[in-house]
Amino acid sequence: RRVLFRSRCNFRCNYCMPKEVFNKDYAYLPHGDLLNFEEITRLAKVFVAHGVRKIRLTGGEPLLRKNLEILVDQLANIQTPDGTPLDLTLTTNGSLLARKAKTLKEAGLNRVTVSLDGLDDAVFRAMNDVDFPVADVLDGIAAAKDAGLGLDAHGRLTGLKVNMVVKRSTNVDQILPMARHFRGSGITLRFIEYMDVGATNGWCMDEVVPSAEVIQQLQQAFPLIPLDPSTPGETAQRWGYANAMGGFDPVLGEVGVISSVTQAFCRDCNRARLSTEGKLYLCLFATQGYDLRNLMRQAETTDADLASAIGHI
Ligand code: SAM
Ligand code: SF4
């Protein structure tokens, strides 16, 4: 089982940070144990110098981190060796996005993924378990769109995404309303299989809705055709909405499924995860991370030493 390394969040999604565990007695890391922005940027530079081209800020809830736009600005200014732009993105529960989208875009954030588990207010409030309304997340998504987050180099909206975790007993009836809502909006909806992310969320297979079942349900309402992966190591399988002739209709857009349980994508995985306290995890299910913080905080450590340590990992 994986060690939990959750950082702070204002939601208590029952599949991620259930209230029974993440309550007032839960011991979060003291601030000094967290990497500061300069440390995150220093490590990011080393990663980018050695081939990383995409950085995603996630959490916990990344928008709770004070002055996050300063970090975004620092990361956006990292130069890649071949001059190709870095793909800088962020995953958020959307609760603070309406307030922050414009500032983040101005700081250099390229795109954003917003998590939203349904359109029915009662269902969503129960899933986030802090009574947070759907409307405020939709406002955040609209603000991200208005700010131009997710626009590609040709000005097309390709990078704004919504993630929905599907749990059988809770929000399976939200699949179609969500698809209907985002179809044709330029925003890509992706359905994620409910995963066991630690010993705390009471995971059981009965609650997993396999992606194949999601696609079957969607296909009964809207004809879909499979699309090729847009990048190697892409976690989502892409499906395009078809037009009356049966071809992919870019105006209607696409949906995706992330089948982390029924079709684990380990073989193509090209990701590494840096936790808030500076540990590097190669797998979402890893039980152990590799500590980079202590190495980095030793005065004699050079960037070449960090690169060597990362290379060995
Ligand atoms: N707080 C932000 C958010 O909710 O988008 C970022 C962190 S959250 C851990 C990142 C993504 O992981 C979210 O889309 C969330 O729905 C998903 N997630 C969390 N727990 C999960 C689980 N048990 N199974 C599948 N996806 C999960
Ligand atoms: Fe918070 Fe995101 Fe986890 Fe929900 S999924 S508890 S919003 S970190």
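Just so it is clear, the structure is predicted and the values come from calculations on it, not from any experiment. In listed order, ligands and their atoms are each counted from 1.
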Closest by any non-hydrogen atom to atom 26 (N) of ligand 1: pick that one out of Val165, Leu284, Val261. Val165
Do NZ/NE/NH1/NH2 and the carboxylate oxygens of Asp291 and Lys279 come within less than 4.0 Å? no
Would the number of heavy atoms belonging to other residues, nucleotides or ligands and lying under 6.0 Å from NZ of Lys105 be above 12? yes
Carboxylate-amine/guanidinium contact Arg168 Glu213, below 4.0 Å: yes
Going by heavy atoms in the side chains, are Gln74 and Phe37 under 4.5 Å from each other? yes
I'd like to check which ligand 1 atoms, numbered from 1 as shown, lie under 4.0 Å from a non-hydrogen atom of Asn163. 14 (O)
Using a 4.0 Å heavy-atom cut-off, which part of Thr91 comes near ligand 1: side chain, backbone, both, or neither? both
Would you please say whether a donor-acceptor pair under 3.5 Å links the side chains of Ser308 and Asp305? no
Numbered atoms of ligand 1 (with element) below 4.0 Å of Ile192, judged on heavy atoms: 25 (C), 26 (N)
Please say whether Ser115 places an N or O atom under 3.5 Å from an N or O atom belonging to ligand 1. yes
Under 3.5 Å between some N or O of ligand 1 and some N or O of Tyr15? yes
Going by heavy atoms, is Ser115 under 4.0 Å from ligand 2? no
Looking at ligand 1, does Glu193 have a heavy atom less than 4.0 Å from it? yes
Do Leu64 and Asn10 make a side-chain contact, defined as non-hydrogen atoms from C-beta onward lying under 4.5 Å apart? yes
For the 3.5 Å polar cut-off, considering only N or O atoms, please tell me whether Gly60 and ligand 1 meet it. yes
Less than 4.0 Å between a side-chain N and a carboxylate O, is that true for Arg53 and Asp87? no
Go through the side-chain N and O atoms of Glu61 and Ser95 and say whether any donor and acceptor fall under 3.5 Å apart. no
Heavy-atom check, side chain of Leu57 versus side chain of Val72, under 4.5 Å: yes
Which atoms of ligand 1 are found less than 4.0 Å from any heavy atom of Glu61? 1 (N), 2 (C)
Examine all N, O or S atoms of Cys13, backbone included, and report whether one is under 2.8 Å from atom 4 (Fe) of ligand 2. yes
Mark up the atoms of ligand 1 that fall under 4.0 Å of a heavy atom belonging to Met195, in ascending order. 22 (C), 23 (N), 24 (N), 25 (C), 26 (N)
Is atom 1 (Fe) of ligand 2 less than 2.8 Å from at least one N/O/S atom of Cys9? yes
Less than 6.0 Å separating the ring centroids of Phe248 and Tyr241? no
Would Pro62 count as being in polar contact with ligand 1, using the rule that some N or O on each side must be under 3.5 angstrom apart? no
N or O contact, Tyr194 vs ligand 1, cut-off under 3.5 Å: no
With a 4.0 Å cut-off on heavy atoms, is Gly94 in contact with ligand 1? no
Checking Ser211 against Glu193: is there a side-chain donor and acceptor pair closer than 3.5 Å? yes
Less than 3.5 Å between some nitrogen or oxygen of Thr92 and one of ligand 1, yes or no? yes
